[in-house]
2 protein chains.
Amino acid sequence: MPRPHTPILSPARIRAAALALVDRDGLDALSMRKLAAELGVQAASLYSHVATKEDLLNDVASEIIGRVDVAGFTAGWREGLVRWARSYRAVLAEHPNMVPFVSRGPDRRDASLRMADAIHGGLVGAGWPPREATMIGAAVKYVVIGAATSSFAAGFSDDAQLYVARYPHLNQAHLLRQHAEEVDNDSFELALGALLATLDAKHTAPVAEAVVRTPAP
Amino acid sequence: MPRPHTPILSPARIRAAALALVDRDGLDALSMRKLAAELGVQAASLYSHVATKEDLLNDVASEIIGRVDVAGFTAGWREGLVRWARSYRAVLAEHPNMVPFVSRGPDRRDASLRMADAIHGGLVGAGWPPREATMIGAAVKYVVIGAATSSFAAGFSDDAQLYVARYPHLNQAHLLRQHAEEVDNDSFELALGALLATLDAKHTAPVAEAVVRTPAP
DNA sequence: ACCTGAACACCGTTCAAGT
DNA sequence: ACCTGAACACCGTTCAAGT
């Protein structure tokens with residue numbers, strides 16, 4: 001066995017350590033040097049396994065997105081959408097400090113494109129015209145990303161009572177910390193439920209056509 | 001006139017230059033040194049007018065949020081919400097590179113709190129119970145922030161056709177650049193319209209009570 | 001009061017050198 | 001093949017010094 005050292009690093013280990021650091025200290029606290037220190041190694045060593053900090057974060061983001069449940073469409077488009085929306089939100093809520101990065105812009109990440117494709121395919125397969133499927137996917141995504149991004153609960157600090165005192169209407173707005181998650185959740189379900197109700201009303205005609213076009217095998 | 005120099009900098013001039021730089025080159029491209037260079041000055045000079053880079057960005061964000069129209073509630077809660085949502089989205093769309101910063105987390109900025117307070121006050125004044133007003137404000141905000149954050153059009157690059165080739169369902173998804181803005185807009189209006197339809201249905205009872213409780217002056 | 005020059009403690013990334 | 005040490009071109013921020 002002439003191998004001089006068993007390797008101490010690997011892309012997966014680096015990703016895990018990066019995510020742990022971001023979860024603990026925030027996205028801005030992640031530096032290649034701190035990450036290396038956490039792994040007992042020099043900063044330059046990371047570049048044997050990772051091309052760039054941006055790439056590393058993209059890979060971490062892809063791992064997160066990959067955990068979203070897009071399999072619900074076997075039980076119908078409604079169930080597919082609901083499971084997608086709730087699991088998408090839950091997965092983001094597990095890593096609030098990664099949300100700004102994960103939800104940045106029009107997504108070029110492979111995992112995000114696969115997710116978008118699964119949703120679009122599920123909707124089209126259930127009879128929604130492609131143009132409407134795109135809009136529905138986008139609208140649900142807006143609600144999820146918005147809820148994850150501007151959550152009351154995420155990073156809610158204990159000095160929040162300060163604001164309650166200064167802004168009269170917020171005073172009665174149930175913004176206390178113990179209610180923040182509940183308000184987040186109810187607001188999210190309000191938006192999601194409203195969207196589904198509208199889709200239920202629209203749904204009747206297009207799905208009938210689709211059954212004709214794509215008969216069961 | 002013993003004044004040695006007429007001051008070349010001011011907080012407002014610095015904010016304007018910072019926003020222009022971010023709009024042109026992106027949020028990551030903003031550094032105090034580049035900003036100073038743009039203003040024909042040394043980096044250290046900025047600190048006579050601005051406490052910190054973070055503070056500067058917060059002030060820029062406040063200016064942006066301050067342009068949002070929250071005055072529509074004089075024409076009823078429905079008109080108030082619609083004008084708020086559309087102008088909020090439009091204001092963010094004017095500065096897509098600032099969106100990640102403007103919509104970060106639970107907002108501690110004064111302008112954001114004033115906006116939230118105006119919306120909440122408008123809804124409560126129209127008869128919505130405080131708890132529901134909070135949820136409605138949050139739900140509309142989710143749609144606006146989500147639409148601004150994960151817009152197809154913002155930063156849509158010209159090599160997007162690459163993905164269309166690789167992902168079959170996206171192929172038919174009308175994701176070509178010339179349609180991106182239209183899809184964004186229709187998806188946003190779908191989500192907003194769904195929310196309003198649900199609120200219209202809920203609205204009847206609470207508003208009647210409110211008229212009794214808060215009679216006209 | 002406002003701006004400068006130099007410095008401090010950081011960054012991401014590269015690269016020759018060691019094993 | 002993997003890790004190190006040193007270096008490069010950057011950061012945000014501070015502070016004594018000039019006017």
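Keep in mind the model is a prediction, meaning the values are calculated, not measured. Convention: sequence-line order gives letters A, B, ...; per-chain numbering from 1. Keep in mind that the numbers below use all heavy atoms, side chains included, and drop hydrogens, waters and symmetry copies.
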S.K.: A side-chain contact here means heavy atoms from C-beta on lying under 4.5 Å apart; do B:Glu189 and B:Asn185 qualify?
M.R.: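 When only atoms from C-beta onward are counted, B:Asn185 and B:Glu189 do touch, with a gap below 4.5 Å.
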S.K.: So if I take every side-chain heavy atom of A:Pro7 and compare against D:dC2, C:dC3, D:dT13, which nucleotide ends up nearest?
M.R.: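 For the A:Pro7 side chain, the nearest candidate turns out to be D:dC2.
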S.K.: On a heavy-atom basis, which atom in B:Leu39 and which in B:Ala17 lie closest, and how many Å separate them?
M.R.: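 Between these two residues, the closest heavy atoms are CD2-CB, 3.8 Å.
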S.K.: Between B:Val41 and A:Arg33, name the one whose nearest nucleotide on DNA chain C is closer to the 5' end.
M.R.: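 On the 5' side of the pair lies B:Val41.
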S.K.: NZ of A:Lys34 versus C1' of C:dT13: gap in Å, rounded?
M.R.: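 In whole Å, C:dT13 C1' and A:Lys34 NZ are 18 Å from each other.
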S.K.: Determine the stems involving DNA chain D; a stem requires 3 or more consecutive pairs of the Watson-Crick or G-U wobble kind, each with both distances below 3.5 Å, and the answer is none if no such run exists.
M.R.: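 For DNA chain D the paired stretches long enough to count as stems (3 pairs minimum) are C:4-8 with D:12-16, C:12-16 with D:4-8.
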S.K.: If only side-chain N and O atoms of B:Gln42 are considered, is one of them under 4.0 Å from the OP1 or OP2 phosphate oxygen of C:dG5?
M.R.: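 Looking at the OP1 and OP2 atoms of C:dG5, one of them is under 4.0 Å from a side-chain N or O of B:Gln42.
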S.K.: A:Leu21 and A:Ala29: which non-hydrogen atoms are nearest, and at how many Å?
M.R.: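 That would be CD2-O, 3.8 Å.
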S.K.: In whole Å, I'd like the distance from the CG atom of B:Asp28 to the P atom of C:dT13.
M.R.: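 So the CG-P distance, B:Asp28 to C:dT13, works out to 12 Å.
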S.K.: Between D:dC2 atom P and A:Leu39 atom CG, what is the distance in whole Å?
M.R.: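 Atom-to-atom, A:Leu39 to D:dC2, this comes out as 15 Å.
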S.K.: Picking from D:dC3, C:dT4, D:dG12, which would you name as closest to the side chain of B:Ala44?
M.R.: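 The answer is C:dT4.
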S.K.: Is it true that A:His49 and A:Ser10 share a donor-acceptor pair across their side chains at a distance under 3.5 Å?
M.R.: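 No, because no side-chain N or O of A:Ser10 sits under 3.5 Å from a partner of the opposite role on A:His49.
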S.K.: Quick check for you: to the nearest 0.5 Å, what is the distance between B:Ile145 atom CD1 and A:Ser150 atom OG?
M.R.: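 If I round to the nearest 0.5 Å, the distance is 5.5 Å.
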S.K.: Got a sec? Which of residues 48-61 of chain B come in under 4.0 Å of DNA chain D, heavy atoms?
M.R.: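 Residues of residues 48-61 of chain B under 4.0 Å from DNA chain D: B:Thr52, B:Lys53.
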S.K.: Are side-chain heavy atoms of B:Asn58 and B:Glu54 found at a separation under 4.5 Å?
M.R.: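 Yes. Closest side-chain heavy atoms under 4.5 Å.
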S.K.: So among B:Val60, B:Leu57, B:Val50, which one has a side chain to side chain contact (heavy atoms under 4.5 Å, CB included) with B:Arg15?
M.R.: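 Only one of B:Val60, B:Leu57, B:Val50 forms a side chain to side chain contact (heavy atoms under 4.5 Å, CB included) with B:Arg15, namely B:Val60.
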S.K.: Should the pair B:Arg131-A:Asp186 be classified as a salt bridge under the 4.0 Å nitrogen-to-oxygen rule?
M.R.: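 A salt bridge links B:Arg131 with A:Asp186.
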S.K.: The side chain of B:Ser31 lies closest to which of these nucleotides: C:dT14, D:dC11, C:dT4?
M.R.: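 Of C:dT14, D:dC11, C:dT4, D:dC11 is nearest to the side chain of B:Ser31.
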S.K.: Under 4.0 Å between a side-chain N/O of A:Ser45 and OP1 or OP2 of D:dC2, yes or no?
M.R.: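 For D:dC2, neither OP1 nor OP2 has a side-chain N or O of A:Ser45 closer than 4.0 Å.
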S.K.: Is A:Leu35 touching bases, backbone alone, or none of the nucleic acid, heavy atoms closer than 4.0 Å?
M.R.: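 A:Leu35: no heavy atom of the nucleic acid under 4.0 Å.
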S.K.: Side chain of B:Met32 only, heavy atoms from C-beta on: which candidate in D:dG12, C:dG5, C:dT13 is closest?
M.R.: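 My answer, after comparing the listed nucleotides, is D:dG12.
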S.K.: Under the rule for side-chain contact (heavy atoms from CB on, under 4.5 Å), what residues qualify as partners of A:Ala61, not counting sequence neighbours?
M.R.: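 A:Ala61 satisfies side-chain contact (heavy atoms from CB on, under 4.5 Å) with A:Met98, A:Phe101, A:Val102, A:Arg109 only.
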S.K.: Please report the distance, rounded to the nearest Å, between CG in B:Leu9 and P in C:dC3.
M.R.: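 It works out to 4 Å between those atoms.
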S.K.: Between A:Leu30 (CG) and C:dT13 (P), how many Å, whole number?
M.R.: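 Whole-Å distance recorded here is 11 Å.
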S.K.: To the nearest angstrom, how far is B:Leu46 atom CG from D:dT14 atom P?
M.R.: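 Answer to the nearest Å: 13 Å.
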